[in-house]
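See structure below.
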Amino acid sequence: MSDTHSGVFYITTPIYYVNDRPHIGHGYCTILADVLARFHRLFGQETYFLTGTDEHGQKVQEAAVKRGMSSQAHVDDMHRHFRDLWPTLHVSNDDFIRTTEPRHVRVVQHALQLLWDRGLIYRGEYEGFYSPRVEKFFAADELVDGKCPETGGEVHQIKESNYFFRMSQYRDALVAHIHAHPDFIRPESRRNEVLGFLKQPLQDLCISRPKARLEWGIPLPFDPDYVTYVWFDALLNYCTAAGLYLDDERFAHLWCGVHHLIGKDILTTHSVYWTTMLMALELPLPRHIIAHGWWLVDRTKMSKSLGNVVDPLAMKDKYGVDSLRYFLMREMVVGLDADFTEEAFLKRHNFDLANDLGNLANRLAKFVQRSMGGVVPAPGEGSGTPHDDDLRAMATGLPARVRELVEDLRIEAAVEAVMNLVRRINRYVAETEPFKVIKTDPAHAAGAVYHALEGLRFALNLLAPIMPGKCSELLAAIGAPPPVTSLDALRWGDLPAGAAVTLQDAPFPRHEVPTFQAADPGAAPAPARKPGKAGAAAREAGPSGAPGPADATPAPMGVAQAGVASGDPSAAPAKVTYDHFAALDLRVGTVLAAEAVAKSDKLLRLDVDLGEARPRQVVAGIAKAYAPADLVGRQFLFVANLEPRKVFGLLSEAMVLAGHDDDGLAAFSPLRPLPAGAKAS
Ligand code: MSP
């Protein structure tokens, strides 16, 4: 995001549906946006941070009906669970938008009227299947086993007259924009997913619902019998808050720096629906669309009998908001999935915060209070060792490094870089031994303590966007000025000698880590998962789980299996000509990244180098045989010219070849490494 160096940084979160209460996924996305906003403020950029609630649509109407309330009363009640949560998580949003607010209704109706007047909306017949869970329509051939391809949930067949937005005509312009702006959609794997999606013809978008079927929405300005499709309404929130059609100057000012932070499941709506809507409205596209991964809670590892069922937001009340924010930012690589377990959370808390950071602050403070009159000592000549320069160089070089990492969305790496400074200060204290020499060489001891405290002040200032509450408290408690408001103001030597060091209690008390897996070693996360039972992978895809000839049952998604003969020669595949075989593009691919697919215990998502300009995304049913970490760097055989296919909402662009026997799957690998993309024949 090198273009964020100047100008406004306008960051948005998705607006959350008010059909349910907030969970850790909402918390993560909003805290990540907050962390980015706080960092960009520190970088000296004008920052505007928006979040809010998505209050129309079928899901919300159904939730209201279930509660026996009017939709309005329901949303008025439910939106508070979000709005009131954010301050408790130290989220510093500048605005909170509700799509039922008059300011937003006005913008949506104005935009619709514009598109209608320009002939970019037309009336037509719609026939398809509606998935209320994702509020999206699907064609019959997009369904998987008659269910929603994205969630596996129920769909309703619908045939009705509706209004359509001419989305199809913007496909080429959108593809060109994505090519011209390589970091428009981040991370790269998501950009490739969108480009893959755009290889198929783009349909026009149905943007209305007849009031007879759905009342809860913004009425179309040109036909009062219809309300607006919830996504068309919701996406415009980003413009409403910036002042579209109300304050042109403000809108233009903010809009040139807009960044949308979203979860990977709402990539298409943002990268395709939203961008084409903006094109039609003749508005600039956002700077970046940043898609993060999902927090998974491995259900097999949670059970009441083990006592480890975790309500992630309850963590905040139990362990503190700062620890929660630290864990979420340190543990997840933006763009990839991560597992939320209380065990991992407590380990991070204990190792990083209680041990490395908390102990350091506590030991220094206690020493100052005991032996230095309770005030920051004068730096003097320092400790008189070369370690002073080393520590100072590391601390003063860190703001620029952190900025670089944050701008590259490597938040976990930025946190780690600061924690490395904290660890360096701990080593510095061991090297200079102020506690030992206080009697014999008080000047040396004072200099060393000053350096250590000053290093700590740097670390706390750089961690402040992650843990604003604790870092402010700790800075005050070690006699430092309040957190700087600009990184340029973070200068070595600004810790005032003579300031009172008041820290009393350990800032991050340690927590006992329960032995979650002790009672059930089988549930422990194994580096390589146990292969599935006899033919399991093949049978799972078969009807009612009945075992049958391997080649008669469909293969799991993204994997072609060379089946062991079933013993039934009549089930053997028909002979093919050499030409048929030669038509297959079989190639060696190197796995660059691998991760679990949410809500599926069979699928892994792989980024695979097939020797092309960009890696391909492959969704493969091999999760029972391999842990993601074991695949990275390995080579396998792929069918590279299968029609791309959407699996669990992810585009799979090739198929990995695997054999199977009673122990499960084994993917085919070359006996020696080959260049990625090497042809197999
Ligand atoms: N209302 C739409 C967004 C409209 S934006 C114009 C919506 N709302 S949502 O409440 O269902 O989800 C909001 C966000 O929460 C999505 O970005 C989604 O990715 C995120 N998460 C939901 N579950 C999640 C996890 N388990 N982990 C991380 N984030 C996930 O979609």
Side-chain angles (χ1 to χ4, degrees), residues 11-33 50-63 75 78-79 81-83 85 96-100 104 107-108 131-136 148 150-151 153 190 216-218 228-242 258-275 277-278 286 289-299 310-313 327-329 331-341 595-600 648-650:
I11 180 88
T12 67
T13 72
I15 48 172
Y16 304 113
Y17 286 129
V18 286
N19 57 327
D20 214 342
R21 296 192 175 215
H23 56 62
I24 196 68
H26 307 126
Y28 169 73
C29 186
T30 314
I31 289 172
L32 176 58
L50 174 72
T51 187
T53 40
D54 189 351
E55 303 192 355
H56 290 123
Q58 190 162 328
K59 267 210 297 209
V60 173
Q61 182 172 295
E62 280 170 6
V75 298
M78 289 301 291
H79 89 278
H81 294 295
F82 291 87
R83 200 196 53 199
L85 173 68
F96 185 98
I97 189 165
R98 301 179 58 192
T99 52
T100 50
H104 181 63
V107 168
V108 172
S131 167
R133 268 210 14 228
V134 288
E135 300 269 19
K136 279 162 91 174
C148 170
E150 292 188 9
T151 63
R190 300 292 163 215
W216 188 236
I218 298 178
T228 312
Y229 169 43
V230 64
W231 270 104
F232 189 95
D233 151 3
L235 287 160
L236 277 161
N237 89 86
Y238 305 128
C239 285
T240 303
V258 67
H259 295 65
H260 298 314
L261 186 60
I262 58 168
K264 62 183 184 179
D265 51 317
I266 53 174
L267 184 66
T268 317
T269 44
H270 281 79
S271 307
V272 181
Y273 297 6
W274 180 225
T275 47
M277 281 166 66
L278 286 168
I289 296 175
I290 304 155
H292 64 73
W294 273 46
W295 282 98
L296 307 174
V297 178
D298 190 339
R299 278 180 210 128
V310 182
D311 166 8
L313 283 182
F327 174 75
L328 294 175
M329 294 302 111
E331 202 69 9
M332 186 175 261
V333 175
V334 174
L336 299 182
D337 290 345
D339 227 13
F340 194 104
T341 68
E595 62 176 342
V597 170
K599 295 194 201 146
S600 166
F648 264 59
L650 300 171

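Values below: all heavy atoms of this structure, side chains included; hydrogens, waters and symmetry mates excluded. All ligand and atom numbering here is 1-based and tracks the order in the structure.
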- request: Measure the CG-CG distance between D54 and D233 for me, rounded to the nearest 0.5 Å.
  value: 6.5 Å
- request: List the atom of V597, the atom of L650, and the distance in Å for their closest heavy-atom pair.
  value: CG2-CD1, 3.9 Å
- line: Of T99, N237, T240, T228, the one forming a side-chain contact (heavy atoms from CB on, under 4.5 Å) with V108 is T228
message: Rounded to the nearest 0.5 Å, what separates atom OG1 in T268 from atom CZ in R190?
response: 10.5 Å
field: Nearest-0.5 Å distance that lies between atom SG in C29 and atom CD1 in I266
entry: 7.5 Å
With the criterion set at N/O pairs under 3.5 Å, what does the list of contacts between the protein and ligand 1 look like, atom names and distances included?
from     : atom 1 : to   : atom 2 : distance (Å)
ligand 1 : 1 (N)  : I15  : O      : 2.8
ligand 1 : 1 (N)  : D54  : OD2    : 2.7
ligand 1 : 10 (O) : Y17  : N      : 3.2
ligand 1 : 10 (O) : H26  : NE2    : 3.2
ligand 1 : 17 (O) : G263 : N      : 2.9
ligand 1 : 19 (O) : D265 : OD1    : 2.4
ligand 1 : 26 (N) : W295 : O      : 3.0
ligand 1 : 27 (N) : W295 : N      : 2.9

- request: Measure the CG-CD1 distance between L236 and I15 for me, rounded to the nearest 0.5 Å.
  value: 9.5 Å
